[in-house]
2 protein chains.
Amino acid sequence: MRLTHEQFRELAAEHGLAVTHQRQVVFEAVIASHGHYSPEDIYATVRRRIPSISLATVYNNLRLFIECGLLREVTPHASTLRVDGNLKPHHHLVCSRCKSVRDIEGEFIDFKRLSRHLPDGFDLTQPLVEVFGLCRRCAAKK
Amino acid sequence: MRLTHEQFRELAAEHGLAVTHQRQVVFEAVIASHGHYSPEDIYATVRRRIPSISLATVYNNLRLFIECGLLREVTPHASTLRVDGNLKPHHHLVCSRCKSVRDIEGEFIDFKRLSRHLPDGFDLTQPLVEVFGLCRRCAAKK
DNA sequence: TATCGGATGAGAATGATTATAAACCATCCA
DNA sequence: TGGATGGTTTATAATCATTCTCATCCGATA
């Protein structure tokens with residue numbers, strides 16, 4: 001699906017973003033590509049339409065889009081490795097904004113239902129579930 | 001809780017790891033610290049007991065422990081930003097080994113139960129759940 | 001004791017991302 | 001028209017986490 005200029009204009013206006021050519025092309029590239037792509041991937045795609053675009057522009061605009069909620073980040077963790085010595089089965093509650101992680105107990109996953117939606121061969125023998133939201137502090141700020 | 005040398009020795013033997021002083025101290029530092037710490041954090045802790053230890057050693061051993069299953073990685077995503085243009089509510093299925101991400105549909109979360117375990121003030125208005133396991137290809141390799 | 005292989009330490013190299021600063025461009029007002 | 005303004009883009013430098021390299025070390029074994 002290709003967004004019309006009008007549609008992007010509206011979205012941008014809603015979120016207080018200026019409409020530039022680069023911005024529009026980056027956004028379209030993400031929407032058009034089903035999947036979960038990296039800034040480099042998107043840079044490569046966008047360059048076919050704007051050969052002079054800078055990688056920094058792609059980064060800038062992706063960040064903006066994520067902050068506005070126009071896009072979702074698929075890697076909503078702290079940018080550095082974190083390690084967990086707790087080997088008992090438990091799940092994580094992650095704040096999408098500040099990236100803090102808390103342990104969470106409880107049986108709230110319906111594995112029977114879940115397994116119906118699993119692709120063939122996916123191994124869930126040691127399931128780890130992470131639930132993302134906003135922690136109290138970040139929710140208050142907003 | 002502090003592991004005895006004996007306990008670590010056993011664990012290491014089970015996983016075919018040589019027992020070294022550094023290895024033991026790094027492992028103890030992770031186990032003793034409840035929380036989700038970065039290699040730098042652990043380096044700082046371990047240095048109090050082994051001032052000459054190298055950051056690379058901490059990284060090496062954390063990697064080893066994770067590969068053996070002695071520790072769990074709390075950031076099991078690709079190391080670069082990934083972006084998702086699909087704004088419809090959906091969840092993710094992530095392979096802990098190759099880091100691939102697939103969308104998954106279906107209502108398999110019992111939000112009523114989940115909310116009982118949420119800390120006060122945690123905002124779940126746009127819940128995103130990620131379920132980790134091994135994709136078919138990685139499960140086969142193992 | 002001599003040898004061997006894996007482990008360690010120091011620092012260089014890499015790769016992703018961010019910061020900086022100059023150039024650019026549309027818009028607003030004189 | 002024309003100049004000031006403010007946000008955007010570009011190129012590049014800087015930063016940060018992580019990995020690599022390689023010389024050295026250590027411990028087990030012959």
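Just so it is clear, the values below take in all heavy atoms, side chains as well, and ignore hydrogens, waters and symmetry mates. Per chain, numbering begins at 1; letters A, B, ... match sequence-line order.
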Do [X] and [Y] come within less than 4.5 Å of each other through their side chains, counting heavy atoms only?
X      : Y     : result
A:I53  : A:Y43 : yes
A:R137 : A:C98 : no
A:L81  : B:R63 : yes

In terms of heavy-atom contacts, does CD of A:E14 have more than 12 from other residues, nucleotides or ligands at under 6.0 Å?
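Yes, the 6.0 Å shell around CD holds more than 12 heavy atoms from other groups.
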D:dT18 phosphate, OP1 or OP2: any side-chain N/O from B:Y59 under 4.0 angstrom?
yes
Any side-chain N or O of B:T20 below 4.0 angstrom from OP1/OP2 of D:dC26?
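False: B:T20 side-chain N/O out of range (4.0 Å or more) of D:dC26 OP1/OP2.
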I would like to know whether B:R72 and B:I66 meet side chain to side chain contact (heavy atoms under 4.5 Å, CB included); could you show each step before the answer?
CA-CA 6 Å; B:R72 207 155 76 163; B:I66 290 167; over 6 Å; no
Positional range of nucleotides in DNA chain C within the contact set of chain B, heavy-atom, under 4.0 Å
C:dA7 to C:dT17
Kindly indicate, with the supporting measurements, whether the criterion salt bridge (charged side-chain N to carboxylate O under 4.0 Å, His left out) is fulfilled by B:R116 and A:E105.
CA-CA 10 Å; B:R116 261 185 252 136; A:E105 312 281 335; over 6 Å; no
Parallel, tilted or perpendicular, as decided by the 30° and 60° cut-offs, for the rings of [Y] and [X]:
X     : Y     : result
A:H92 : B:H36 : perpendicular
A:F27 : A:F8  : tilted
A:H77 : B:H77 : tilted

Check the side chains of [Y] and [X] for a donor-acceptor pair under 3.5 angstrom, ignoring hydrogens and angles.
X     : Y     : answer
B:R49 : B:H21 : no
B:S38 : B:D41 : yes
A:R82 : A:T80 : yes

Among the nucleotides D:dT8, D:dT18, D:dA11, which one has an atom lying closest to any side-chain atom of A:L81?
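Between D:dT8, D:dT18, D:dA11, the one nearest the side chain of A:L81 would be D:dT18.
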Are the charged groups of A:E73 and A:K99 less than 4.0 angstrom apart, N to O?
yes
Can the ring centres of B:F108 and B:H91 be said to be less than 6.0 Å apart?
yes
Categorize A:S38 for me: base, sugar-phosphate, or nothing, with a 4.0 angstrom heavy-atom threshold over every strand shown.
nothing
Using the C1' atoms of the five pairs at each end, what is the angle between the end axes of the helix from C:dT1-D:dA30 to C:dA30-D:dT1, to 10°?
0°
Within this structure, what is the [atom1]-to-[atom2] distance between [X] and [N], rounded to whole angstrom?
X     : N      : atom1 : atom2 : value
A:N61 : D:dG7  : CG    : C1'   : 12 Å
B:L55 : D:dA17 : CG    : P     : 10 Å
B:L17 : D:dG27 : CG    : P     : 17 Å
A:Q22 : D:dT10 : CD    : C1'   : 9 Å

Who else is in the cluster with B:L87 when I, L, V, M, F, W and Y are joined by side-chain contacts under 4.5 Å?
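Direct or chained contacts put B:L87 with none.
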Using heavy atoms and a sub-4.0 Å distance, could you list which residues of residues 63-79 of chain B are near DNA chain D? By number, please.
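Residues of residues 63-79 of chain B that come under 4.0 Å of DNA chain D are, in numerical order, B:R63.
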Between the protein and nucleotides 13-16 of chain D, are there any N/O to N/O pairs under 3.5 Å, and if so, what are the atom names and distances?
none

Under a 4.0 Å heavy-atom criterion, the protein footprint on nucleotides 20-25 of chain D, written with B, S and -, is B-----
Check step by step if side chain to side chain contact (heavy atoms under 4.5 Å, CB included) holds for B:E40 and B:L55.
CA-CA 8 Å; B:E40 284 284 350; B:L55 180 57; 3.6 Å; yes
